[in-house]
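The structure appears below as C-alpha cells.
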Amino acid sequence: MKKNCFGRLFLIQFLAWIACVGLYCLPDEILGFEIKKIDMLSSIRHPEADATAADTLLSPRQVFIPFIADSAYLRSADSLRLVRRDSLYLSMLAEMGADTAGLRIRDFSAGHTGLRRFFASLRRVETMTRPVRIAFLGDSFIEGDILVADFRSMMQARFGGRGVGFVPISSTVEQYRPTVRGHSKGWTTHSILSDRSYAKYVLSGLSFEAGDEASLSFRTTDSYPGLEAVSSVKFIYSRNSQAEVQLTCNGAKDTFLDVLPVADGDIMQYEALGDFTDGRFRFRRAGGLQALGYAMEDNTGIVVDNFSLRGNTGIVWVNLDEHTCRAWNEIRPYDLIILQYGLNVASENVTDYTWYSQKMEKAISRLRQCFPGSDILLLSVSDRSHYRGNAYRTMPAIAALWNAQYKMAGQTGLPFWSVFHAMGGQDGMARYVKNRWAGKDYTHLSFRGGREIAEALYEALILEKKLYDEVEEILD
C-alpha cells in the first residue's frame with residue numbers, strides 16, 4: 001500500500017506560492033540596492049502605465065510667458081530693446097521650425113541674453129589675451145571626462161586651443177580618464193561633500209593637503225585631438241609658507257626650480273611656459289601647503305575644465321566662499337558655467353522636487369555672486385530606467401525632476417538645455433544601453449554615449465550663437 005503524499009505536495013506548492021508573492025512584493029530598493037521583482041504573470045500582464053502628472057513634460061511657453069509679462073522687465077531701461085530681441089528671436093525660431101521640445105537651448109533670460117557674455121568672448125577669441133574658459137560642473141555622469149572630452153574637442157577644433165584644462169591633484173577615477181595620465185603621492189584629500197570646514201572651497205569642491213615630500217606627475221595623451229602637447233603648465237594652490245617646487249618636464253630635459261610665493265587663503269598659481277608633453281612636480285618643505293590641482297592648456301582658444309564630483313547634487317554650491325571664488329576668478333575667469341545635476345536626486349517613488357529646485361535656486365544665486373562675469377547654462381537630468389512590465393522604462397521621477405528643473409530655469413532666468421531629449425526622450429536610456437552607449441545600470445553613460453550628447457550640446461550652442469549674432473546684427 002503506497003503512502004498518500006498529496007498533503008505534502010499541497011504544502012510545498014502553497015509555500016512556493018507564498019515565496020513568489022513575497023518576492024513580488026519586495027520593495028524597489030533594499031539598503032540602496034535596486035531589487036528586480038519576480039512576476040509570474042509578466043508574460044501576459046500589460047506594461048504598467050506609470051501614469052502620474054509627472055509623466056507630462058512642460059511646454060516651453062508655460063515658463064517663458066511670465067518673463068515677458070514681468071513688470072520690472074518692462075520698466076527696465078532697455079525694455080524696448082529687450083522686447084524687440086524677444087520678438088526677433090522667436091520669429092527666427094519659427095522660421096527655422098525649431099520652436100519644439102527638441103534639442104535647442106531655451107533661454108529664459110530677458111531678451112534672450114543669457115549667453116551674451118560667452119558669445120561675445122567667442123567672437124573675440126582670436127584677439128583675447130586669455131583663453132575663453134568653460135567650467136563644466138557635474139556628478140558621476142561626466143566623471144572621467146565622459147561627454148566633456150568630446151565637447152572640449154569639438155569646441156577646440158572650431159575656436160582653437162589645446163589641453164585638458166584643470167585637473168585635481170588626485171581623483172578616484174584618474175586611472176580610467178583617457179584625456180590625461182596623472183599620479184600623486186603624499187597628499188590628503190578633503191571634499192566639500194564630507195569635510196566642509198577644512199577649506200574655503202571653489203568649483204572643484206576638493207582641496208589637498210601636502211605632506212613634507214609631496215609630488216605629482218602628469219602626461220598628455222593622444223586620445224583626443226589637441227591633447228598631445230600644451231604650452232602652459234600651472235600649479236594652483238591656496239596656502240603655502242615655505243614650499244619649494246621642482247618641475248621636470250619632457251623626460252627631464254627641462255627643469256624649473258623655484259620657491260613658491262607665500263599664500264594665506266588666496267588662490268595663487270605657479271606657471272611654466274614652453275612645449276610640454278609630461279612633467280613631475282616635487283615639493284620640499286611642503287608642510288602646510290594646500291593645493292587644488294594643476295592645469296595643462298594653451299593660453300589661447302578654448303579651455304574646458306571638468307569639475308565632476310561623485311555624489312554631488314549641485315545644492316552644495318550654496319556653501320561656496322565668495323572671496324575665495326573671486327580670487328580664483330582672477331586667475332581662471334569663466335565665460336560660461338555649465339551645470340549638469342539631477343541623477344543623485346532622482347528617487348524611485350518621489351514625484352515632487354519642489355524642495356530640490358528651491359535649494360538649487362539658492363545655489364545658482366551663490367554661483368552668480370561668486371562668478372558675476374560668467375554666464376550659466378542649466379542642463380536637465382538625463383534619462384534613467386527601471387525594470388517595469390518586463391522591460392526597462394523611464395522612471396516617472398525623471399519627468400518630475402525634469403519639470404522642476406525646467407521651472408527653475410524659468411524662475412531664475414537661465415538658459416536651459418534638455419539632456420533627456422538629447423537621449424531620445426522617453427525610454428532613451430534603454431536605447432542607449434542597447435547600443436552600448438550606456439552601462440547596464442541604466443544610469444551612466446559610456447564614452448560612446450557621451451559623444452552623442454556632446455555633439456548635440458555643441459550643435460545647440462552653435463545654433464544659439466548663430467541666432468544671437470543675427471539678432472545683434474539686426475539691432476545694430
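Atom CZ of R219 is surrounded by 12 or fewer heavy atoms from other residues, nucleotides or ligands within 6.0 Å. Annotation: E126, atom CD; neighbour count of heavy atoms from other residues, nucleotides and ligands within 6.0 Å does not exceed 12.
Considering all non-hydrogen atoms of both residues, L115 and D107 come closest at N-OD2, 4.1 Å. Residue I236 comes nearest to F166 through the heavy atom pair CD1-CD1, 4.0 Å, listed as atom of the first residue, atom of the second, then distance. Pairing each heavy atom of R104 with each of L463, the nearest pair is CB-CD2, 4.3 Å. Scanning all heavy atoms of the two residues, the minimum distance from I146 to L445 falls at CD1-O, 3.4 Å. Here the closest non-hydrogen pair linking T189 and S170 is OG1-CB, 4.4 Å. Looking at every heavy atom in both residues, P178 comes nearest to S223 through O-OG, 2.7 Å.
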Next item on the list: I would like to know whether F119 and E472 meet side chain to side chain contact (heavy atoms under 4.5 Å, CB included); could you show each step before the answer?
Entry: CA-CA 11 Å; F119 291 152; E472 285 291 293; over 6 Å; no

Item checked: Worked check of side chain to side chain contact (heavy atoms under 4.5 Å, CB included) between V132 and F159 -> CA-CA 9 Å; V132 176; F159 299 102; over 6 Å; no

Next item on the list: Please step through side chain to side chain contact (heavy atoms under 4.5 Å, CB included) for the pair F371 and I337, ending with a clear verdict.
Entry: CA-CA 9 Å; F371 298 91; I337 296 175; 4.0 Å; yes

Checklist line | From CA spacing to verdict: side chain to side chain contact (heavy atoms under 4.5 Å, CB included), V345, I315 | finding: CA-CA 10 Å; V345 180; I315 61 179; over 6 Å; no

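At a threshold of 4.0 Å, the pair D264-R239 counts as salt-bridged, since one of the basic side-chain nitrogens sits closer than that to a carboxylate oxygen. The pair K234-E297 meets the salt-bridge criterion, with a side-chain N (NZ, NE, NH1 or NH2) lying under 4.0 Å from an Asp/Glu carboxylate O. Ion pairing between E330 and R326 fails under the 4.0 Å rule for side-chain N and carboxylate O. A salt bridge does not link R451 with E455: none of the charged nitrogens is closer than 4.0 Å to a carboxylate oxygen.
Between W317 and F307, the distance separating the two ring centers is not shorter than 6.0 angstrom.
Proximity of L343 to S140: side-chain heavy atoms (C-beta onward) are nowhere separated by under 4.5 Å. In this structure, the side chains of Y294 and L247 stay at 4.5 Å or more apart for every pair of heavy atoms. Looking only at side-chain heavy atoms (C-beta outward), R152 and V164 come within less than 4.5 Å of each other. The shortest side-chain heavy-atom distance between K185 and E213 does not fall under the 4.5 Å cut-off. Within the 4.5 Å cutoff, side-chain heavy atoms of I364 are placed close to those of M408. In this structure, the side chains of V148 and T179 stay at 4.5 Å or more apart for every pair of heavy atoms. Side-chain atoms of L320 and L203, non-hydrogen and from C-beta on, do get closer than 4.5 Å to each other. Between E348 and H386 the shortest side-chain heavy-atom distance falls below 4.5 Å.
Listed by first and then second residue, the side-chain hydrogen bond (donor to acceptor under 3.5 Å, both in side chains) pairs involving residues 356-368 are R366-Q369 (not counting sequence neighbours). The ring pair (Phe, Tyr, Trp, His ring centres under 6.0 Å) analysis of residues 436-456, with sequence neighbours excluded, yields the pairs Y392-Y442, Y432-W437.
Using bins of under 30°, 30° to 60° and over 60° for the plane-to-plane angle, the ring pair Y198/H190 lands in the parallel bin. Ring planes of F235 and W187: tilted class, angle from 30 to 60°.
Distance check, rounded to the nearest 0.5 Å: NE2 of H112 to CG of L467 gives 9.5 Å. Remark: D335 CG to I134 CD1 distance equals 8.0 Å, nearest 0.5 Å. Between the CG atom of L461 and the CG atom of L377 there is a distance of 6.0 Å, given to the nearest 0.5 Å. With rounding to the nearest 0.5 angstrom, the CZ atom of R196 is 9.5 Å from the OG atom of S191. Interatomic distance, I398 CD1 to S385 OG, rounded to the nearest 0.5 Å: 8.5 Å. Residue F136 holds its CZ atom at 12.0 Å from CG of D305, rounded to the nearest 0.5 Å.
Just one of N344, V173, D139 meets the side chain to side chain contact (heavy atoms under 4.5 Å, CB included) condition when paired with R310; it is V173. Only one option out of L339, I338, L147, L137 pairs with L379 in a side chain to side chain contact (heavy atoms under 4.5 Å, CB included); it is I338.
For S308, the side chain to side chain contact (heavy atoms under 4.5 Å, CB included) partners two or more places apart in sequence, or in a different chain, are I142, E143, N306. Under the side chain to side chain contact (heavy atoms under 4.5 Å, CB included) criterion, P333 pairs with R130, R133, N329, sequence neighbours left out. A search for ring-ring contact (aromatic ring centres under 6.0 Å, His included) contacts involving F416 returns W402, Y406, not counting sequence neighbours. With sequence neighbours left out, the ring-ring contact (aromatic ring centres under 6.0 Å, His included) criterion links Y201 to no other residue.
Judged by distance alone, with hydrogens and angles left aside, the side-chain atoms of D150 form no donor-acceptor pair with the main-chain N or O of A454 at under 3.5 Å. Checking side-chain atoms of Q290 against main-chain N and O of S238 turns up no donor-acceptor pair under 3.5 Å. A donor-acceptor contact shorter than 3.5 Å links the side chain of R431 to the backbone of M423. Side chain of S215 to main chain of R282: no donor-acceptor pair is present (N/O by atom type, distance under 3.5 Å, no hydrogens or angles). Remark: side-chain polar atoms of S418 are paired, donor with acceptor, to backbone N or O of H421 under 3.5 angstrom. Side-chain atoms of S374 come within 3.5 Å of backbone atoms of Y334 as a donor-acceptor pair (strictly under, hydrogens ignored). S380 contributes a side-chain N or O that, together with a main-chain N or O of V419, makes up a donor-acceptor pair within less than 3.5 Å. Side chain of N250 to main chain of T277: a donor-acceptor pair is present (N/O by atom type, distance under 3.5 Å, no hydrogens or angles). A distance-only check finds a donor-acceptor pair linking the side chain of Q405 to the backbone of V381 [under 3.5 Å].
Looking only at atom types and distance, the side chain of D298 has no donor-acceptor partner in the side chain of T300 under 3.5 Å away.
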